[in-house]
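What follows is a single structure, written as structure tokens, with notes after it.
Keep in mind that this is a model prediction, so the values were computed, not measured. Throughout, a chain's letter reflects where its sequence line sits, starting with A, and its residues are numbered from 1.
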Amino acid sequence: MPELPEVECIRRELSRSLCGATLRLLWLRRRDIVVGAATPRALLSNSRVHQINRHGKQLAVISDSGAVLVVRLGMTGQMLLLRAGEKPPEHSHAAWSVSYARRRDVLVFRDPRRFGRLETYASADAQNEAWNTLGPDALTISAALLAEALASRRVPIKSALLDQHLIAGVGNIYADEALFRARVHPCAPTNTLSKAMFARLARAIRTVLKESIACGGSTLRDYRTPSNERGQFVEHHRVYGRSGLLCLKCGTPIAALKVSGRTTCYCPSCQTREPTAPKRGGDARS
DNA sequence: CGACTCTCCTGCTGGC
DNA sequence: TGCCAGCAGGAGAGTC
């Protein structure tokens, strides 16, 4: 499922392919995936792509006309670039022709499970207003910002990390991976985390997201880049999807439980529920 | 407001 | 071999 690293990989590839090109809406097979006006104009038909931005897991395609199309991929959403004439795969809901200087391609929004959405905005201001309800972007989150966003919550830290209004971009995979790297138990109440724990967690979130981007993201099953490539970061997962296997650090079997209804994998030995007791001579180094 | 639970969706998996 | 329940999960809506 696309989380921040996957969406960032998609953004980079789409930026290379679409910026400066003109889109034309070819078809919209399902009106119900569109939030807002679903007119060709709102869907950027006959608009030139100026820029593609990302915040958290969302993409914003900014057009020269001022209209903005926000793409939310949900669990199984894909933005695919097909050659003209290539048959769009099943569950493709919208398609645009992409005019370049010399060739044409087809951009397709595909989403089998249909948790994804296309949101249309008449202006960048309207779109910014929507993004302002999201928390700070996880890729550059600082310890201070993370603590500020979360510290007053009493829910398990894992639940807080999944709430896009608190911090944007972390989903189930990277929440588990970051908590493991920060040695924080997923059920630890957020308001009991020490300053040192928030510092480790912020660093772990940035690191794991950057490493995943460098690997092209994590493909469990559905995720593909616009040119249909799989991401390779699954091979670097330390806890997610490793329930019952041994912790790579200490050899304890990785455990699984449910937090906020989400499968959560963690190492019962490496990840502590309580702040580390300060050692003689000061708090543990991060 | 915060914290839960429910709901939307399809495709894969495991049990019988 | 075939059927079906169960599960996966992002995020908004609804409830308390």
Side-chain angles (χ1 to χ4, degrees), chain A residues 1-8 10 29-36 54-60 70-80 88-94 108-121 127 129-138 148-179 186-193 205 209 212 217-224 230-231 234 237 239-244 254 256-266:
Chain A
M1 48 281 339
E3 302 180 27
L4 188 153
E6 292 76 30
V7 175
E8 176 61 17
I10 292 168
R29 287 189 185 149
R30 292 198 71 106
R31 168 69 178 82
D32 58 359
I33 57 147
V34 179
V35 177
R54 179 195 60 73
H55 190 83
K57 308 174 192 174
Q58 304 189 20
L59 285 177
V70 167
V71 180
R72 306 173 63 155
L73 296 168
M75 282 192 59
T76 54
Q78 300 172 334
M79 293 296 277
L80 300 172
E90 202 185 357
H91 304 302
S92 295
H93 305 311
V108 163
F109 174 72
R110 170 175 191 258
D111 184 15
R113 219 164 293 184
R114 265 187 281 145
F115 282 7
R117 291 289 180 266
L118 299 175
E119 295 179 354
T120 59
Y121 295 92
Q127 183 257 321
E129 203 173 311
W131 274 12
N132 282 340
T133 67
L134 297 173
D137 191 71
E148 187 192 331
L150 306 187
S152 66
R153 302 299 169 126
R154 284 178 290 184
V155 291
I157 180 63
K158 162 96 183 237
S159 305
L161 289 176
L162 294 179
D163 187 338
Q164 302 301 300
H165 300 290
L166 300 180
I167 172 173
V170 179
N172 206 33
I173 298 173
Y174 298 102
D176 282 5
E177 292 297 319
L179 287 167
C187 296
T190 303
N191 60 351
T192 65
L193 265 63
I205 289 169
L209 296 177
S212 180
S218 299
T219 294
L220 300 179
R221 190 162 57 220
D222 298 288
Y223 167 68
R224 295 290 186 282
R230 304 169 67 93
V234 184
H237 289 180
V239 284
Y240 185 87
R242 296 193 69 250
S243 155
I254 298 297
L257 46 76
K258 292 268 183 189
V259 181
S260 303
R262 304 286 172 259
T263 302
T264 299
C265 300
Y266 71 105

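- If you take CD of A:Gln78 and P of B:dG11, they are 12 Å apart, rounded to a whole angstrom.
- Distance, A:Gln164 CD to C:dG12 P: 9 Å, rounded to whole Å.
- Looking at which nucleotide of DNA chain B each of A:Arg30 and A:Arg262 is closest to, the 5′-most match is held by A:Arg262.
- Listed candidates were B:dT10, C:dA11, B:dC9. Nearest to the side chain of A:His91 is B:dT10.
- Relative orientation of the A:His93 and A:Phe109 rings is tilted, given thresholds of 30° and 60° on the angle between their planes.
- Atom CZ of A:Arg113 and atom C1' of B:dC8 are 12 Å apart (whole Å).
- Rounded to whole angstrom, the span from the CE atom of A:Met75 across to the P atom of B:dG11 amounts to 13 Å.
- With hydrogens and angles disregarded, no donor-acceptor distance shorter than 3.5 Å links the side chain of A:Glu119 to the backbone of A:Val34.
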**OP:** Go through the steps to decide whether A:Asp176 and A:Lys158 satisfy the test salt bridge (charged side-chain N to carboxylate O under 4.0 Å, His left out), and finish with yes or no.
**Re:** CA-CA 8 Å; A:Asp176 282 5; A:Lys158 162 96 183 237; 2.7 Å; yes
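- Contacts of A:Tyr223 with the nucleic acid, taken as non-hydrogen atoms under 4.0 Å apart, are absent.
- The environment of A:Arg230 atom CZ is dense: over 12 non-hydrogen atoms of other residues, nucleotides or ligands sit within 6.0 angstrom.
- Near DNA chain B, meaning a heavy atom under 4.0 Å away, the residues from residues 149-162 of chain A are A:Arg153, A:Arg154, A:Val155.
- Checking the phosphate oxygens (OP1, OP2) of B:dT10, a side-chain nitrogen or oxygen of A:Arg114 falls inside 4.0 Å.
- The two residues A:Gly56 and A:Asp137 come nearest to each other via the heavy atoms N-OD1, 2.7 Å.
- For the helix from B:dG2-C:dC16 to B:dC16-C:dG2, the angle separating the two terminal helix axes comes to 50°, with each axis derived from five pairs and the value rounded to 10°.
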